[in-house]
Amino acid sequence: MFAAERRQLILEMVRANGAVSLRELARVVQTSEVTVRRDVRALEAEGLLDRRHGGAVLPGGFTRESGFPQKSHLATAEKTAIADLAAGLVEEGEAIVVGAGTTTQELARRLARVPGLTVVTNSLLVAQALAHANRVEVVMTGGTLRGSNYALVGSGAEQSLQGLRVSRAFLSGSGLTAERGLSTSNMLSASVDRALVQAAAEVVVLADHTKLGTDTMFQTVPTDVITRLVTDEPPGHDDRAATELQALADQGVQITVAGGATGPNSAPGVDSVPAGRQPRRDVPLPGQRRTHGAGPGQQLRSALLGEQPPGERAARVADLRRR
């Protein structure tokens with residue numbers, strides 16, 4: 001495929017989906033991420049799209065929300081790894097709330113195996129995933145159906161959450177930054193997500209690395225309210241994603257990274273968990289921030305990428321990928 005053909009296809013994917021990861025673009029155009037990144041830079045120089053951490057978005061600073069069919073095919077491997085780890089945080093007999101989204105839908109499929117669980121949700125997809133689970137009770141909010149993501153929104157959804165108290169809220173969104181926290185592109189969805197947060201003692205955000213550093217219109221969860229972030233390991237070349245994780249850790253967010261490095265270099269407050277294993281259940285309550293001799297964000301960069309010269313650092317990244 002010629003460069004002009006690749007770039008036209010990349011542009012069509014971004015226009016159709018709103019935001020696309022470099023991994024997905026490389027898979028579709030059947031080339032390397034290095035080549036795709038070069039194409040994205042060229043398209044950005046022409047003002048046709050904007051680069052983001054690990055991906056590309058529509059120009060204009062704020063991404064628009066993609067529909068469910070587009071979202072369900074983006075970063076599927078990353079969402080699966082994130083859902084596997086997040087499910088390990090849930091205890092038998094807990095009561096939790098789960099928001100709408102394709103990543104939370106993956107989580108719900110795994111929660112079907114947790115006995116005695118009560119799940120409150122505004123997502124038809126989450127409820128469907130748990131509909132036939134034995135010993136799992138599903139409580140739906142009221143509200144008006146928003147067809148683009150199969151979620152119940154509006155005053156009916158928010159009022160049904162008043163007076164509710166559960167142990168944890170599991171939420172996703174369109175973007176996550178250390179400055180603003182979790183955000184989404186739709187006002188009604190953001191309002192319901194804030195009501196879900198108010199009902200929970202702890203807030204767990206599920207976001208793949210392509211959402212790190214992306215800022216959208218409506219804030220749902222400020223950074224200081226987020227207890228834990230469950231994400232996937234950023235690509236070795238994605239320094240900006242690692243920097244965003246560092247900033248989140250510096251603000252006290254506990255971070256669980258699927259497929260990350262483990263061992264003596266792992267930073268305090270960061271669970272770097274190989275795929276297939278469960279994270280520790282040590283999520284602190286909001287406001288209970290841990291302190292260590294060295295800043296967790298500074299140590300996070302070392303844990304993910306290593307504080308090494310460029311040559312050694314590249315070898316470190318290659319070793320992490322082989323694991």
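The structure presented is a predicted model; accordingly, all values stated were derived computationally and were not measured.
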Please set out all donor-acceptor pairs under 3.5 angstrom arising from side-chain atoms of residues 126-134, sequence neighbours excluded.
none

Margin query: Looking only at the side chains, is there a donor atom on one of Ser21 and Thr210 sitting less than 3.5 Å from an acceptor on the other?
Written below: no
Next item on the list: Under the side-chain contact (heavy atoms from CB on, under 4.5 Å) rule, collect the residues that match up with Gln162, sequence neighbours excluded.
Entry: Gln159
Check: What residues, two or more places apart in sequence or in another chain, satisfy side-chain hydrogen bond (donor to acceptor under 3.5 Å, both in side chains) together with Gln219?
Finding: none
Note to self: Once side-chain hydrogen bond (donor to acceptor under 3.5 Å, both in side chains) is applied, what residue pairs with a partner in residues 109-124 remain, sequence neighbours excluded?
What the structure shows: Asp84-Arg110, Glu106-Arg109, Glu106-Arg110
Check: Mind checking what makes side-chain contact (heavy atoms from CB on, under 4.5 Å) contact with Leu124, not counting sequence neighbours?
Finding: Met140, Leu145, Tyr150
Next item on the list: Flag the pair Val120 / Leu161 as yes when at least one side-chain heavy-atom distance between them is below 4.5 Å, and no otherwise.
Entry: yes
Check: Is a salt bridge present between Arg228 and Glu202, judged by a nitrogen-to-oxygen distance below 4.0 Å?
Finding: no
Next item on the list: For Asp39, check salt bridge (Lys or Arg N to Asp or Glu O under 4.0 Å) against everything at least two apart and list the hits.
Entry: Arg6, Arg7
Notebook entry, point to check: Looking at side-chain heavy atoms only, is the closest gap between Arg180 and Pro222 below 4.5 Å?
Noted result: no
Check: Is it true that Glu78 and Arg23 make a salt bridge, defined as a side-chain N closer than 4.0 Å to a carboxylate O?
Finding: yes
Next item on the list: Assess the side chains of Lys211 and Ser172: does a donor N or O sit below 3.5 Å from an acceptor N or O?
Entry: yes
Check: side chain to side chain contact (heavy atoms under 4.5 Å, CB included) with Leu206: which of Thr256, Thr102, Ile82?
Finding: Ile82
Check: Would Arg41 and Glu44 satisfy salt bridge (charged side-chain N to carboxylate O under 4.0 Å, His left out), going step by step from the backbone distance to the final call?
Finding: CA-CA 5 Å; Arg41 286 196 184 109; Glu44 183 183 43; over 6 Å; no
